[in-house]
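Heads up: the structure comes next, in structure tokens.
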2 protein chains.
Amino acid sequence: MAKTAAQRRAEAKARYDAFLSVCPSRQLLHMISSKWVTLVLCALATCDEPKEMRYSELARVIAGVSQKMLTQTLRSLERDGLLTRTVTPTVPVTVTYQLTPLGRSLHVAVRGIKSWAEAHMDEVQANRSSADDNKGA
Amino acid sequence: MAKTAAQRRAEAKARYDAFLSVCPSRQLLHMISSKWVTLVLCALATCDEPKEMRYSELARVIAGVSQKMLTQTLRSLERDGLLTRTVTPTVPVTVTYQLTPLGRSLHVAVRGIKSWAEAHMDEVQANRSSADDNKGA
DNA sequence: CTGTATCCATGTGGATACTG
DNA sequence: CAGTATCCACATGGATACAG
């Protein structure tokens, strides 16, 4: 007996999932949609110079972040080569973070998103409101 | 008695959360990080012309999507004014979707992300691999 | 054909306490 | 100062069944 429709669908889905998981755009989308990465990126890019900031500075500037998430975000960005982590063995220990060229290039790409958002999100909001009004009426 | 440190932290966090929730960039980031929106956007933008596609076409082109998620994604994009939904009362009913100018402009913004991904994600992957190697060694 | 409804698995992120 | 560890709540999304 030939494959059932369910089997064929499952196989198509598996192929598609495999395709998506290696798609560069999707991987990037997954990275920057993590709640804090763009905020860390922006914090470290506030100067044109490759600026370095300490862990506690970042925690203060990005006011809402928990220690867990800040550490986790910094670790993954370091792993991806978007920033460098420098430990200075003073007492107590000093740790600074700094964007790499790659990290800075990602920051400018993200600014493209920011531009669209600032130019068009109010329009989206308006559409959303009127759509909701029609539904309520 | 003055506020405790915990109280002050909670208030700072509340202010920060409020700020984030109205930030246009963050709202947009939240929109496009939804798993299927960019795929629907790209599917409907594959032609330069404002192309219209039927529900079943979309379901086929975006092979991995479930009915629930496709419908949910289309509804939210319609609500935000990024696409239009047209019902033609044939039997059985025909429904077509088409990007609005706003939707097309978002698509070009998203292509900026795509460009960065295609240009730099292999570098990110390489960094990731070497970082993992060092950890394993 | 084009959905809606329900249940459930998973991942992300927050709160809290502890450490070198 | 700069984390680590544990537990937990919530949102997203997938599977399946049903309907106009």
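Because the structure is predicted, anything quoted here is derived from the model rather than measured. Proteins come first, then strands; the chains are lettered A, B, ... in the order of their sequence lines, and each starts at number 1.
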Expressed in angstrom and rounded to an integer, what is the separation of B:Arg60 atom CZ from C:dT2 atom P? 11 Å
How would you list, by chain and number, every residue that makes a side chain to side chain contact (heavy atoms under 4.5 Å, CB included) with A:Ser66, sequence neighbours excluded? A:Lys68, A:Met69
Can you check the A:Leu58 CG to D:dC1 C1' distance for me, whole Å? 13 Å
Please report, rounded to the nearest Å, how far the P atom of D:dT12 is from the CG atom of A:Leu29. 15 Å
ring-ring contact (aromatic ring centres under 6.0 Å, His included) contacts in which one or both residues fall within residues 20-40 of chain B, not counting sequence neighbours: none
Could you work out, with side chain to side chain donor-acceptor pair (under 3.5 Å) as the rule, every residue matching A:Arg111, not counting sequence neighbours? none
Between atom CZ in B:Arg85 and atom P in C:dC1, what is the gap in whole Å? 16 Å
Between B:Tyr55 and C:dT4, does any side-chain N or O lie under 4.0 Å from OP1 or OP2? no
With sequence neighbours excluded, what pairs up with A:Val93 under the side chain to side chain contact (heavy atoms under 4.5 Å, CB included) test? A:Val87, A:Val95
For B:Arg54 and C:dC1, is the shortest distance between a side-chain N/O and OP1 or OP2 below 4.0 Å? no
Does B:His30 put a side-chain nitrogen or oxygen below 4.0 Å from OP1 or OP2 of D:dT12? yes
Mind calculating the distance between CG (B:Leu39) and P (D:dT12) to the nearest angstrom? 17 Å
With a 4.5 Å heavy-atom cut-off, do A:Tyr97 and A:Val40 have their side chains touching? no
Spacing of A:Leu74 atom CG relative to D:dT4 atom P, expressed in whole Å: 11 Å
Taking the side chain as every heavy atom from C-beta outward, state whether B:Leu83 and B:Leu41 have any atom pair closer than 4.5 Å. no
Qualifying residues under side chain to side chain contact (heavy atoms under 4.5 Å, CB included), relative to B:Thr84, sequence neighbours excluded: B:Gln98, B:Thr100
Could you tell me how far apart B:Ile62 (CD1) and C:dT2 (P) are, to the nearest whole angstrom? 14 Å
Would you mind building the protein contact string for nucleotides 13-20 of chain C? One character per nucleotide, 5' to 3', B for base within reach (heavy atoms under 4.0 Å), S for sugar-phosphate only, - for untouched. BBB-B---
Expressed in angstrom and rounded to an integer, what is the separation of B:Arg75 atom CZ from D:dT12 atom P? 18 Å
